[in-house]
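For the numbers below, each heavy atom of this structure counts, side chains included, while hydrogens, waters and symmetry mates do not.
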Amino acid sequence: MGHLLRQILKFGIVGFTAFIIDFCIMMVLTEVFHLRPVSSSTISFIVSVCFNYFASMRFVFDNRREMDRRREFTLFVVLSILGLIINDVIMWFGTECAQCDYRLIKLIATLIVMVWNFISRKMLFENRS
């Protein structure tokens with residue numbers, strides 16, 4: 001149980017850092033470069049996923065010894081694409097349909113994608129010793 005709590009804490013730190021990267025890039029792209037929120041959120045999400053991959057594999061999850069790096073990265077990308085789809089659907093619905101502030105919707109999307117990320121990555125990348 002202690003291992004799981006430490007892992008959740010590390011995941012939270014990496015995730016919070018990735019969120020700051022994601023949110024700040026989204027704000028700059030939306031406010032400075034006048035991109036639509038769904039577009040800016042897509043770009044910022046991709047940048048933060050790259051950070052998240054390297055940080056998660058280094059600090060959070062014990063890599064499976066039998067899984068090679070190419071396969072590991074491919075699985076991470078697939079899971080991240082699914083997370084991006086979740087993010088974009090929430091951003092689109094919240095900003096285009098519900099006409100809510102894109103920053104609030106991004107917070108909601110981030111919380112939902114964070115749960116997806118932890119569960120899916122834990123199931124695929126964790127050693128089961």
Distance (rounded to the nearest 0.5 Å) between Ser39 OG and Asp88 CG:
8.5 Å

Would you give the length of the straight line joining atom CD1 of Ile105 to atom CD of Gln99, rounded to the nearest 0.5 angstrom?
10.5 Å

Apply ring pair (Phe, Tyr, Trp, His ring centres under 6.0 Å) to Tyr53 and list each qualifying residue two or more places apart in sequence or on a separate chain.
Phe73, Phe76

Hphob cluster co-occupancy, Leu4 + Leu9, side-chain heavy atoms under 4.5 angstrom:
no

Is there a side chain to side chain contact (heavy atoms under 4.5 Å, CB included) between Leu79 and Asn117? Walk through the geometry before answering.
CA-CA 7 Å; Leu79 296 176; Asn117 285 343; 5.8 Å; no

When rounded to the nearest 0.5 angstrom, what distance separates OG in Ser80 from CG in Leu75?
10.5 Å

Lys106 pairs by side chain to side chain donor-acceptor pair (under 3.5 Å) with which of Asp101, Asn87, Thr95?
Asn87

Atom pair CD1/SG of Ile90 and Cys100 - distance to nearest 0.5 Å:
12.5 Å

Sort and list the pairs that fulfil ring-ring contact (aromatic ring centres under 6.0 Å, His included) and have at least one residue in residues 79-106, not counting sequence neighbours.
none

Shortest non-hydrogen contact between Asp22 and Ser44, atoms and distance:
OD1-OG, 2.5 Å

Donor-acceptor check, side chain of Ser48 to backbone of Phe45, threshold 3.5 angstrom: yes or no?
yes

Measure the shortest side-chain to side-chain distance between Leu84 and Thr42 over non-hydrogen atoms and say whether it is less than 4.5 angstrom.
yes

Short side-chain to backbone donor-acceptor contact, Thr74 and Arg70, under 3.5 Å
yes

Let me see the working for Glu31 and Met26 under side chain to side chain contact (heavy atoms under 4.5 Å, CB included), right down to the final yes or no.
CA-CA 8 Å; Glu31 300 295 328; Met26 179 194 67; over 6 Å; no

Should Arg36 and Glu96 be marked as a side chain to side chain contact (heavy atoms under 4.5 Å, CB included) after you check the CA-CA gap, both sets of side-chain angles, and the distance that decides it?
CA-CA 10 Å; Arg36 298 193 55 83; Glu96 301 293 325; 2.6 Å; yes

When you measure from the side chain of Trp116 to the backbone N and O of Ile86, does any donor-acceptor pair fall under 3.5 Å?
no

Review item, side-chain donor-acceptor pairs of residues 14-21, under 3.5 Å, at least two apart:
{"unit_1": "Thr17", "atom_1": "OG1", "unit_2": "Ile13", "atom_2": "O", "d": "2.9"}

Verify the cluster assignment for Met114 and Ile81: are they in a single hydrophobic cluster under the rule of side-chain heavy atoms below 4.5 Å apart?
yes

Which atom pair, heavy atoms only, marks the closest approach of Ser40 to Thr30?
OG-OG1, 2.5 Å

Do Asn52 and Ser56 have a side chain donor and acceptor closer than 3.5 Å?
yes

